[in-house]
Amino acid sequence: MSKYHFNDIEAKWQKYWAENGTFHAQNQSDKPKFYVLDMFPYPSGAGLHVGHPLGYIASDVYARFKRHQGYNVLHPMGYDSFGLPAEQYAIQTGQHPADTTLVNIEGGVDKQGNKIAGYRHQMDKIGFSFDWSREVRTSDPQYYKWTQWIFIQLFESWYDYDADKARPVSELVTIFSSEGNTTIHAACDADVISFSAEDWTSFSSEKQQEILLQYRLTYLAETEVNWCPELGTVLANDEIVNGVSERGGYPVVRKKMKQWSMRITAYAQRLLDGLDTIDWPQPLKDTQTNWIGRSEGASVVFQVKDHDEKIEVFTTRPDTIFGTSFMTLAPEHDLVAKITTQEQKAEVEAYVEATSKRSERERMADVKTISGVFTGAYALHPFSGKAIPVWIGDYVLAGYGTGAVMAVPCGDQRDYDFAKHYGMEIPNIFEGIDISEEAFADKENTIIANSDFLNGLNYKEATAKVIEALEEKGAGVGKINYRLRDAVFSRQRYWGEPFPVYYKNGLPQMIDLEHLPLHLPEVEKYLPTESGEPPLGRAEVWAWDTKNNKVVSNDLVTPSAVEGSDEDNGIYPLELNTMPGWAGSSCYMFRYMDPHNRETLASQEALQYWGNVDLYIGGSEHATSHLLYSRFWVKFMYDRGHLLVDEPVKKLINQGMILGTSALIYRISGTNEYVSSGLKDQYQVEEIRVDVNLANASSELDLEGLRKWQPQYENAKFVLEDGKYIVGHEVEKMSKRWFNVVNPDDVCEQYGADTLRMYEMFLGPLEQAKPWSTAGITGVHSFLKKLWKLYHQGSPLEGGEGGVFHVSDSTPTKENLKTLHKTIKKVQEDIENFSFNTSVSTFMIAVNELTAQKCKSREILEPLVILISPYAPHIAEELWSLLGHEESIATASFPKFEEKHLVESSKEYPVSFNGKMRFKMELPLDMSKEDMEAAVMAHEKTLQQLDGRTPKRVIIVPGKIINIVG
RNA sequence: GCUGAAGUGGUGGAAUUGGUAGACACGUUGGACUUAAAAUCCAAUGGCCAUUAUGGCCGUGCGGGUUCAAGUCCCGCCUUCAGUACCA
């Protein structure tokens, strides 16, 4: 019995690994550490398809490789188990999201009777070397306790720009009581009042709390948010695509709501600077750089004529200030109502009204139409003192900069178009530039003219000079502006982390760590309330008893009670919003280090030992959400001493998406007759997608299978070619609706996990998107069979079925050693470069060569198993045990490459004529150039090629090539 | 529009610093084994032309250039994909 029974072998070793805790990482070890992490999945009801494990397989190969290299490897897995789909499903079916989530993870049967394999079971079948003893689930109260705790830390912190770090709010209070708020440079709301130490101490406690809230790193604020009525929730900017919700594609409107926000803008510069310290893909760094959107320029203040008001603008081109011929405010700008003149009032109001009605989507889609209205007001140029008309226009966005621009039509195309459209003059302030057709925005080639003291200067000089002049006048200051906005942190959803917050007199108070976790309450329905409150508004037991520190019935709250009065029973309402999806994933990589710790997020020793993630593999779609927010929280936690590193991840790789290959059949219009792909052009046909699993590797359709698949095909007729029905193909996203989903369980069943793992690696470069096709899988599968045969011998075919395990202690030949060592070298380099696909080719070459060499030598075959084990761990374990080892192969030392086995005495040189290779000749490697030239020139084929000509030159690169010119 | 990545056989893809283009697989064709199928094994397989073997020409999106030598470097285009967008 020595056929390659992959199903038995794989089940056996998966059981062994689980029972022996083979992959449990130790928090104390003499070995160097290595932390390999995958982006943990959201456990959806649809289960895993073959695209999901790609990154996990790559990271698993790497983790196993590192173990062979003697590292103590942390390779954990968990679930990002809060999220919208479970909630939507709960709304539809009434099932508790916790129940469906559990089934999606652990498997079972849902209430509709659908069998769900479960993520855990599916992953186990692929043979990952995860340390499951460290599993985390974001929806587990013992986990989200720490998410709530981090929120409290943010609430208790403020950002000090002078120290360039977050500090405790208690220190801010100390500063306020000794010097007020005029000396500090802190990240805070734009509308904080100035006060002295005396003022501070005279403020009421409530007033003090309100002020502090304006400085906290998480704060409550009336914010204009993206409200999605269909989903009943607020969406972050990155959850909106083309003006509609990313999920579902529903319209999104602007709405003002009181929301928790995260002061991520305080970290804008550090998030930017940190990118230089981490090894991440350039496109991903670029995406984050753009998202943060740093621009350097100046803030300039324009006095409104005959008014007390001032208009502040941000410009990246202060050098063009003398070209300012009008100003434009966003229609939503606060000053619009104040400065509009009586005559213009009606027109302005109508315009503001019309703009507010246009959805974000319309405004974005309609970039071409120029519209605006004159307010009747004028602003005074800070240098020339000229009166400049103030307009409003929707090309200026309220959310960027100050929501106002100084319009320089000669230097900015939008200002130019606006000026042209309304017949305004366009003064030219550029030396020798024609602006009759379009604006001139080229900074590098700018020479300023008609600009008083800036004349003759280039962009750099003029900018420096004008900022100096503005600062002297008190009319402006050099400024750096970021596109990044503070992140809204409240969601009107059920299935997320509850905030550890209750409200006393309308002001937020935190619950102490010792009383956490604050459990998600039970509700009857998962929808918002009729009065528009979030789902938690339906909870009946959702008030905080500050005396007994527990959650109690809402009925006990006495809303009108004044603090300290007899009616104040210390019971207050709890927050009704929940946290967004990214809350639980921002610091999860640290919880894996010490997942069962009940005292802290992770112990100092664990944090010290594991540091940060050495290798993180996941999709690029998280570039501006998870990966940016995580960096922000980690920097914050570092500032406050809760973490010892200020970046979560050293090296990151984005795996490409595996696309589906849909199978198409062609129905002859108006019939139930289907024509094979090659003949479809002869008919009028419609394309129809059918289950891709009904087509084989040669695109031949299983007709009987199709008839059984869906009733409409039961009596279908087929027009065949060569007796076969060949399907067409379309590459698109893997999705149930296209019937192109391939389940890894089925592949494991049919070919084995080792085949699946190797095949996914063999498909192509990890980072690249590529279509799944079953076509090539047999090649990888037969490779594993050949590998198996290499270790066996006997009837009926040499080493074939029924053979017995056989390796010999014979001394390996030179060829054997050469094959082995070139394989060691190549595979090691490939893994280090994440070039997994070429490793698989290398294994194939090695096994083909060793088979041809009839190699049975233990000295070769033993190290070969270790080389293959990261990719195909089950067969490797089995062969390793057959080789007589009692321990798992997991920590066997990676074979050492020895150059000496690859040293050659001669080389088959390619001989080229004018760069074109014509023939090859064998020459010793230690031959001198002169002798080589003589040997080549004497060769009969050289004479034939030259045909009597005398070569002009002979280029000889020893060890490489010979090229004859002439 | 801007930013980034990529274009190589029928297909997935190799070619690490400029040095034998198409490794390794799939598919296809022919052959062996078999009652048959599956499995397995052997051979051929970039295109075109010619042939008794030998051989010749073309060929890495397109057009130029540098070089003894270019898929690889430089200049100019085209196409595809991804991200982003009235960002002042």
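Computation of the quantities below employed the complete heavy-atom set of this structure, encompassing side-chain atoms and omitting hydrogens, waters and symmetry-equivalent molecules. Just so it is clear: chains get the letters A, B, ... in the order the sequence lines come, proteins before strands, and each one is counted from 1.
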_SB check Lys818(A) Glu849(A) (cutoff 4.0 Å)_ = no

_Enumerate the salt bridge (Lys or Arg N to Asp or Glu O under 4.0 Å) contacts for residues 287-300 of chain A, please, sequence neighbours excluded, ordered by first and then second residue._
Arg294(A)-Glu296(A)

*Starting at the 5' end of RNA chain B, write a dot or bracket for each base, bracketing those in Watson-Crick or G-U wobble pairs whose two distances are under 3.5 Å and using | for partners on another strand.*
(((((((..(((......[....)))((((((.......))))))((((.....))))..(((((..]....))))))))))))....

Please tabulate the protein-to-nucleotide N/O contacts below 3.5 Å involving nucleotides 4-13 of chain B, giving atom names and distances.
| from | atom 1 | to | atom 2 | distance (Å) |
| --- | --- | --- | --- | --- |
| G12(B) | O2' | Leu763(A) | O | 2.7 |
| G13(B) | OP1 | Gln768(A) | NE2 | 2.8 |
| G13(B) | O3' | Asn837(A) | ND2 | 3.4 |

*Any chance the rings of Phe326(A) and Tyr422(A) have centres within less than 6.0 Å?*
no

*According to the salt bridge (Lys or Arg N to Asp or Glu O under 4.0 Å) rule, which pairs have a member within residues 400-420 of chain A, sequence neighbours left out?*
Asp412(A)-Arg414(A)

*Could you check whether Ser782(A) gets within reach of a base, just the sugar-phosphate, or nothing at all, counting any heavy atom under 4.0 Å?*
sugar-phosphate

*salt bridge (charged side-chain N to carboxylate O under 4.0 Å, His left out) partners of Glu829(A), counting only residues at least two apart*: Lys825(A)

*With sequence neighbours left out, what residues match Asp830(A) under salt bridge (charged side-chain N to carboxylate O under 4.0 Å, His left out)?*
Lys826(A)

*Base, sugar-phosphate, or nothing for Val965(A), non-hydrogen atoms under 4.0 angstrom?*
sugar-phosphate

*How is Lys826(A) classified with respect to the nucleic acid when contacts are heavy atoms under 4.0 Å: base, sugar-phosphate, or nothing?*
base

*Any side-chain N or O of Arg483(A) under 4.0 Å from OP1/OP2 of A85(B)?*
yes

*asked:* Using a 4.0 Å heavy-atom cut-off, does Asn848(A) contact any base of the nucleic acid, only the sugar-phosphate backbone, or nothing at all?
replied: sugar-phosphate

